[in-house]
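All heavy atoms count here, side chains included; hydrogens, waters and symmetry mates do not.
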Amino acid sequence: MSDSSQGPGWWQASYGKWYPPEQAPSGPTPGGGDFTVAAGGGGGVDIGGAISYGWNKFMANAGPLIVGILFIWVVNVILFAIGIPIGRSGFFVQLLWQVVVIVISAVVSLGIVRMALAVVNGQPLELSMAIPSGPMLVPYAITGVLVGLIIGVGIVLCVIPGILAATFLIFSSFAVLDENLQPGDAIKRSYDLVKSNLVGVLGFIIICFLINLVGAILCGIGLLVTWPLTIVAGAYVWKGLKGEPIAA
């Protein structure tokens, strides 16, 4: 990916970035697979196609994706354990700890989101991807905190504004990692994509919520399947709304 064409055959995506010939729609991937373009790409949400894609890719990459989710769980268990004695401390210590938890919580999902983007970009998954790292770590964390605050304020304001905020900002984390955007630009990028596809994106979120609810009901273990499945499906929708090729 580049900000300008690097030679013959390079093509420009809908948001201005340039890609090499081998990443063109229907072109071969480096791993020997093919790219396709999501149904409704660049102007709609293919909910069924996204969920089906997420399931198929989960089955093909279950090991690394489950490790990505387990990493998040382990970190949250550790935070919970540390927080028990801190809960008996003074107000300032508790407040400081809550800030730490918010920041860490905003970071830990980077791994699974990076994996989902690797899947749709036709890149092989590695277990090391589960660990948050890389030059976009700080922008990703700041974006997560800002999105969380915006949604939190919306929830306080009669819930519905919070639901709308979560819908409009759902692709902010993808924008940071996939387009190397800074927090403000990533949030705006997500908003701009969703505003013309609000009904479809909201429908996608509802379906994903129901799928993860089923996973939670199954003793929580089902979330090891449904959570990565829906994140990969989200990456599929993200690419589809931009009209970009998706690894078949």
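To the nearest 0.5 angstrom, Asn197 atom CG is 12.0 Å from Leu202 atom CG. The distance from atom CG of Leu218 to atom CG of Leu224, rounded to the nearest 0.5 Å, is 11.0 Å. Atom-to-atom distance recorded for Met129:CE and Gln123:CD is 6.0 Å, nearest 0.5 angstrom. Rounded to the nearest 0.5 Å, atoms CG (Leu117) and CD (Glu179) are 10.0 Å apart. Interatomic distance, Ile112 CD1 to Ser173 OG, rounded to the nearest 0.5 Å: 11.5 Å. For the atom pair Leu164 CG and Thr167 OG1, the distance stands at 6.0 Å (nearest 0.5 Å).
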Using the rule given for side chain to side chain contact (heavy atoms under 4.5 Å, CB included), can you reason through Lys239 versus Asn121, listing the C-alpha separation, both sets of side-chain angles and the distance that settles it, and then say yes or no? CA-CA 9 Å; Lys239 287 287 190 179; Asn121 287 327; 3.0 Å; yes
Could you walk me through whether Ser105 and Ile72 pass the side chain to side chain contact (heavy atoms under 4.5 Å, CB included) test, one step at a time? CA-CA 8 Å; Ser105 297; Ile72 297 174; over 6 Å; no
Intermediate values then yes/no, side chain to side chain contact (heavy atoms under 4.5 Å, CB included), Phe58 and Val225: CA-CA 7 Å; Phe58 171 79; Val225 175; 3.7 Å; yes
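In plain terms, the two heavy atoms of Val108 and Pro132 that are nearest each other are CA-CG, 4.0 Å. A pairwise comparison of heavy atoms in Leu181 and Arg189 identifies CD1-CB, 3.8 Å as the closest pair. Closest heavy-atom contact between Leu127 and Met115: O-CE, 4.3 Å. Of all heavy-atom pairs between Ala186 and Val176, the closest is CB-CG2, 3.5 Å. The two atoms that bring Ala247 and Val119 nearest to each other are CB-O, 3.5 Å, heavy atoms only. Contact between Pro135 and Pro139 at its shortest, heavy atoms only, is O-CD, 3.9 Å.
When side chains are defined from C-beta on, Val201 counts as touching Leu241, because their heavy atoms get closer than 4.5 Å. Asn56 is listed as a side-chain neighbour of Ser52, based on a closest heavy-atom distance under 4.5 Å. Between Leu110 and Leu137, some side-chain heavy-atom pair lies under the 4.5 Å cut-off.
Think of Val77 as one node in a network of Ile, Leu, Val, Met, Phe, Trp and Tyr side chains linked at under 4.5 Å; it has no links at all. When hydrophobic residues (I, L, V, M, F, W, Y) are linked wherever their side-chain heavy atoms come within less than 4.5 Å, the members clustered with Ile84 are Phe80.
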Would you tabulate the side-chain donor-acceptor contacts of residues 92-104 under 3.5 Å, counting partners in other chains and residues two or more places apart, or write 'none'?
from: Gln94; atom 1: NE2; to: Gly87; atom 2: O; distance (Å): 3.3
from: Gln94; atom 1: NE2; to: Ser89; atom 2: O; distance (Å): 2.7

Would you give me the side-chain donor-acceptor pairs under 3.5 Å for residues 61-68, sequence neighbours excluded?
from: Asn61; atom 1: ND2; to: Lys57; atom 2: O; distance (Å): 2.9

Which side-chain N or O atoms in residues 145-157 pair as donor and acceptor under 3.5 Å with protein atoms at least two apart or in another chain?
none

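For the salt bridge (charged side-chain N to carboxylate O under 4.0 Å, His left out) condition, the pairs that include at least one residue of residues 192-215, sequence neighbours left out, are Lys188-Asp192, Asp192-Lys195.
Asp178 has a carboxylate O that lies under 4.0 Å from a charged side-chain N of Lys242, or vice versa, which qualifies the two as a salt bridge.
Hydrophobic clustering (ILVMFWY, side-chain heavy atoms < 4.5 Å, transitive): Val214 and Ile69 are in distinct clusters. In the hydrophobic clustering of ILVMFWY residues, with side-chain heavy atoms under 4.5 Å counting as a link, Val74 and Val113 come out together.
Between Trp238 and Phe174, the angle of the ring planes stays under 30°, which puts this pair in the parallel group of the 30/60° scheme.
Among residues two or more places apart in sequence or in another chain, the side-chain hydrogen bond (donor to acceptor under 3.5 Å, both in side chains) test is passed with Ser109 by Tyr140. Judged as a side-chain hydrogen bond (donor to acceptor under 3.5 Å, both in side chains), and not counting sequence neighbours, the contacts of Asn212 are Thr226, Thr230. Under the rule for a side chain to side chain contact (heavy atoms under 4.5 Å, CB included), the partners of Ala50 that lie at least two apart in sequence or sit in another chain are Phe204, Ala233, Tyr236, Val237. For Tyr191, the ring-ring contact (aromatic ring centres under 6.0 Å, His included) partners are Phe168, not counting sequence neighbours. Considering only residues two or more places apart in sequence or on other chains, Ile131 meets the side chain to side chain contact (heavy atoms under 4.5 Å, CB included) condition with Phe71. For Trp227, there are no side-chain hydrogen bond (donor to acceptor under 3.5 Å, both in side chains) partners two or more places apart in sequence or in a different chain.
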